[in-house]
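Here the structure comes first, spelled out in structure tokens, and everything after it is commentary.
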Protein chains: 2
Amino acid sequence: MENPVKVLLYEDNRDLREGIAFLLQATPGLVLAGAFPHVNNLKSELHAYMPDVVLLDINMPGMSGLEALPIIKSLYPKTQVIMQTVFDDDERIFQAVRSGAGGYLLKNTPPAEIIQAVFDVYRGGSPMTSSVARKVLQYFQQPPKSHPADHLLSGRENDILKGLMKGYSYKLIADELNISIDTVRTHIRNVYDKLQVNSKTEAILKAMKEGWIDEKA
Amino acid sequence: MENPVKVLLYEDNRDLREGIAFLLQATPGLVLAGAFPHVNNLKSELHAYMPDVVLLDINMPGMSGLEALPIIKSLYPKTQVIMQTVFDDDERIFQAVRSGAGGYLLKNTPPAEIIQAVFDVYRGGSPMTSSVARKVLQYFQQPPKSHPADHLLSGRENDILKGLMKGYSYKLIADELNISIDTVRTHIRNVYDKLQVNSKTEAILKAMKEGWIDEKA
DNA sequence: GTTGCCATCGCATAAAGGTGTGATTATCAG
DNA sequence: CTGATAATCACACCTTTATGCGATGGCAAC
């Protein structure tokens, strides 16, 4: 193998930190660049050690791992970051993933797999605890959500709403559906009632939040 | 542990099929319900064996695993399906994920991990080869697109746009920012010019398409 | 110190949107 | 047949938006 993989470790729990640090040091092909209990000197440490991989705990005193992640990725985009946490709540996971996390391991991950994960992420993989992976996958599988509108709005009302979501004016919608503008008004009125909103904008925002980004009709 | 996990295996390569079948049989807590080289009798086999987990090869003569997957998930939504393939191209992965795949392993996965994956997926996890996981994560990381607005719109213009994206009226925005409604008009005018739109709705839709769903200011 | 951008405000007007009230027709379930 | 729902249209009235034209003060770059 080529150069050893330089790893930087952030973990506030002393025992854990020293344990992992020992493992990293003891593994051929890996080099422990540093191990710290907080990310308050993140920038200078990054600059000093130029790590290939950062193992980043999320819950730390001071700046959290979630805040540190985007900083790392903006300064050194090629550096791979593996998040570690005891929690697998959706919010954290998605924030981490959006910010460019290269891996996401729960704290119960056995040490051997952590080591494996470091190599994985370095080679371009994304090691993930399977429960975390499930949450990510579920995000894609959402589509099977039943169109709330299907049972709430009538067919025509749906047509009108789609028109709104395409940014059309009443007149344009009327033209497209070959009905009068007053009819469009009526339908929109009913849509607003059912969606409990009272403006085009609110209706669109609600429709999007509710799930239908509307698959290009 | 409770009842053993019933596994159904589809794999056209005979050696592989028999190898994995043997492993499954030999593992305590697992029961091999059946092993077949194709999915042409999928429905009857599903009905006969009621598997908890299906190991599904993608490339098979006749119907492919990708076609079989949605059938399985629609008939037995709770059945977990692990896809197996030699390819990790984006197209297949996303199709599988959208169709409800519970796991995705490349063919080079060592047997022990396959067994582990079966248990994982049965417990609600989503075992994934790390290179596959990477592709999935990259989907989320697209957002790292630089805020186009940041260089296009001035600070205040951005504030106003955010107001619009929250569904506020001019008056509400004016109140919130403590400026006059006429000032709001002016800013909005400029925003429209810069975004090349000419209505609230278009501006919002464009802003969203361009990327900034705007993380709760 | 002039030029340019930003943020602020005003006024006026036309177009688009929101809402109240009411009506006709068709269709479908009970 | 009757009642409920859906889709269509009309008119009136007021509010919100869109846009043209103009103006002032601050600030930073050149």
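Order of the sequence lines sets the chain letters (A, B, ...), proteins ahead of strands, with each chain counted from 1.
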Side chain to side chain contact (heavy atoms under 4.5 Å, CB included) with B/Asp175: which residues, sequence neighbours excluded?
->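 Checked B/Asp175 against side chain to side chain contact (heavy atoms under 4.5 Å, CB included); matches are B/Lys171.
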With A/Gln25, which residues qualify under side chain to side chain contact (heavy atoms under 4.5 Å, CB included), at least two apart?
->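 With sequence neighbours excluded, A/Gln25 shows a side chain to side chain contact (heavy atoms under 4.5 Å, CB included) to A/Leu32, given in chain and number order.
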Write down the distance between [atom1] ([X]) and [atom2] ([N]), rounded to a whole number of angstrom.
X        : N      : atom1 : atom2 : answer
B/Lys200 : D/dA18 : NZ    : P     : 7 Å
A/Ile160 : D/dA7  : CD1   : P     : 9 Å
B/Tyr192 : D/dT17 : OH    : P     : 8 Å
A/Tyr170 : D/dT16 : OH    : P     : 14 Å
B/Asn198 : D/dT16 : CG    : P     : 21 Å
B/Leu195 : D/dT19 : CG    : P     : 13 Å
A/His187 : D/dA6  : NE2   : P     : 11 Å

Does anything in residues 178-186 of chain A reach DNA chain C, meaning a heavy atom under 4.0 Å, and if so which residues?
->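 Here the set is A/Arg185.
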Taking the side chain from [X] and the backbone from [Y], do they hold a donor-acceptor pair closer than 3.5 Å?
X        : Y        : result
B/Lys200 : A/Thr201 : no
A/Thr129 : A/Val132 : no
B/Glu67  : B/Ser64  : yes

Go through DNA chain C in 5' to 3' direction and return only the first and the last nucleotide with some atom under 4.0 Å of chain A's heavy atoms.
->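 Listed 5' to 3', the contact boundaries are C/dG17 to C/dT21.
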Knowing that exactly one of A/Leu195, A/Asn190, A/Asp193 qualifies, which makes a side-chain contact (heavy atoms from CB on, under 4.5 Å) with A/Glu157?
->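 Among A/Leu195, A/Asn190, A/Asp193, the one meeting side-chain contact (heavy atoms from CB on, under 4.5 Å) with A/Glu157 is A/Asn190.
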Could you check whether A/Arg189 gets within reach of a base, just the sugar-phosphate, or nothing at all, counting any heavy atom under 4.0 Å?
->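 Contact class for A/Arg189: base.
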For residues 45-54 of chain B, pull every pair meeting side chain to side chain donor-acceptor pair (under 3.5 Å), keeping only residues two or more places apart or in separate chains.
->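 Applying side chain to side chain donor-acceptor pair (under 3.5 Å) to every pair that reaches into residues 45-54 of chain B, excluding sequence neighbours, yields B/Tyr10-B/Glu45.
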Does the distance from a Lys or Arg side-chain N to an Asp or Glu carboxylate O, for A/Lys162 and A/Asp159, drop under 4.0 Å?
->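 No salt bridge links A/Lys162 with A/Asp159.
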Check side-chain hydrogen bond (donor to acceptor under 3.5 Å, both in side chains) between A/Asp90 and all other residues, then give those that pass, not counting sequence neighbours.
->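 Partners of A/Asp90 by the side-chain hydrogen bond (donor to acceptor under 3.5 Å, both in side chains) criterion, ordered by chain and then number, come out as A/Lys135.
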